[in-house]
Amino acid sequence: MPKVRLLPSNIEFEVLSGQTVLQAALNNNIGLPHRCQVGACAMCMCKKVSGEVIYDLEPMLTEKEQQQGWMFPCLAYIESNLVLTLDE
Ligand code: FES
């Protein structure tokens with residue numbers, strides 16, 4: 001099962017297949033910031049340190065933001081381990 005590690009807390013949680021990163025965090029009682037859960041409010045935006053995400057519905061990110069690693073946990077699915085930072 002792929003895992004997500006959150007920095008700076010170093011908390012880890014597993015993501016079941018078919019779950020978004022945000023759903024998996026909430027199911028594990030991990031309080032990731034969020035509001036709409038559909039990619040509209042940008043409350044959940046955080047930065048990828050490593051790993052790749054895939055989207056059914058591409059979030060509204062500029063090319064620069066994507067290069068900087070910004071992602072939307074409420075829309076993102078993962079296939080391999082992911083490290084995210086909530087530090088910025
Ligand atoms: S929770 Fe609103 S964009 Fe992710």
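From a predicted model like this one, the values you see are computed outputs, not experimental measurements. Atoms within a ligand are numbered from 1 in the order they appear, just like the ligands themselves.
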*Asks:* Give a rough value, rounded to 10 degrees, for the angle at atom 4 (Fe) of ligand 1 between atoms SG of Cys44 and SG of Cys74.
*Replies:*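 Vertex atom 4 (Fe) of ligand 1, arms to SG of Cys44 and SG of Cys74: 100°.
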*Asks:* Would you compute the distance between atom NZ of Lys47 and atom CG of Leu86 and round it to the nearest 0.5 angstrom?
*Replies:*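 Here the rounded value is 12.0 Å.
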*Asks:* For ligand 1, which atoms have a heavy atom of Cys36 less than 4.0 angstrom away?
*Replies:*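 Heavy-atom distances to Cys36 below 4.0 Å select 1 (S), 2 (Fe), 3 (S).
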*Asks:* Test of understanding: clusters of I, L, V, M, F, W, Y form through side-chain heavy atoms closer than 4.5 Å, transitively. Do Tyr55 and Val15 belong to the same one?
*Replies:*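 Same cluster: Tyr55 reaches Val15 through Ile, Leu, Val, Met, Phe, Trp or Tyr contacts under 4.5 Å.
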*Asks:* Under 4.0 Å from a heavy atom of Arg35: which atoms of ligand 1 are those, numbered in the order shown and with their elements?
*Replies:*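 Taking each heavy atom of Arg35 in turn, ligand 1 has 1 (S) under 4.0 Å.
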*Asks:* Testing Leu6, Val4, Leu26 one by one against Val21 for a side chain to side chain contact (heavy atoms under 4.5 Å, CB included), which residue passes?
*Replies:*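 Of Leu6, Val4, Leu26, side chain to side chain contact (heavy atoms under 4.5 Å, CB included) with Val21 is met by Val4 alone.
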*Asks:* Gly39 heavy atoms, cut-off 4.0 Å: which ligand 1 atoms fall inside?
*Replies:*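 Going through ligand 1 atom by atom, the ones under 4.0 Å from Gly39 are 3 (S).
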*Asks:* How far is atom 1 (S) of ligand 1 from the closest protein heavy atom, and which atom is that?
*Replies:*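 Checked against all protein heavy atoms, atom 1 (S) of ligand 1 sits closest to Gln37 N, 3.1 Å.
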*Asks:* Kindly work out whether a path of hydrophobic side-chain contacts (I/L/V/M/F/W/Y, heavy atoms less than 4.5 Å apart) joins Ile30 to Met71.
*Replies:*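 Per the 4.5 Å side-chain linkage, Ile30 and Met71 are co-clustered.
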*Asks:* Quick check: does Cys41 put an N/O/S atom under 2.8 Å from atom 4 (Fe) of ligand 1?
*Replies:*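 Checking Cys41: none of its N, O or S atoms is under 2.8 Å.
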*Asks:* Once rounded to the nearest 0.5 Å, what's the spacing between atom CG of Leu75 and atom CD1 of Ile54?
*Replies:*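 One gets 12.5 Å once the value is rounded to the nearest 0.5 Å.
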*Asks:* Check Pro73 against ligand 1 and report side chain, backbone, both or neither, counting heavy atoms closer than 4.0 Å.
*Replies:*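 The answer is neither.
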*Asks:* Quick check: are there more than 12 heavy atoms from other residues, nucleotides or ligands sitting under 6.0 Å from CD of Gln66?
*Replies:*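 Yes, the 6.0 Å shell around CD holds more than 12 heavy atoms from other groups.
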*Asks:* What pair of heavy atoms forms the shortest contact from Val53 to Ile78, and how long is it?
*Replies:*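 Looks like CG1-CG2, 3.8 Å.
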*Asks:* Checking only N/O/S atoms, does His34 have one that is under 2.8 Å from atom 2 (Fe) of ligand 1?
*Replies:*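 No, outside the cut-off.
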*Asks:* What's the shortest distance from atom 3 (S) of ligand 1 to any protein heavy atom, and which residue and atom give it?
*Replies:*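 It is Ala42 N, 3.2 Å.
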*Asks:* Just let me know how Ala40 lines up against ligand 1, side chain, backbone, both or neither, with a heavy-atom cut-off below 4.0 Å.
*Replies:*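 Answer for Ala40: backbone.
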*Asks:* If you measure only the distance, is there a donor-acceptor pair under 3.5 Å linking the side chains of Arg5 and Asn10?
*Replies:*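 Note: Arg5 and Asn10 side chains meet the donor-acceptor criterion.
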*Asks:* Considering the heavy atoms of Phe72, write down every atom of ligand 1 situated less than 4.0 Å from one of them.
*Replies:*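 The list of qualifying atoms is 3 (S).
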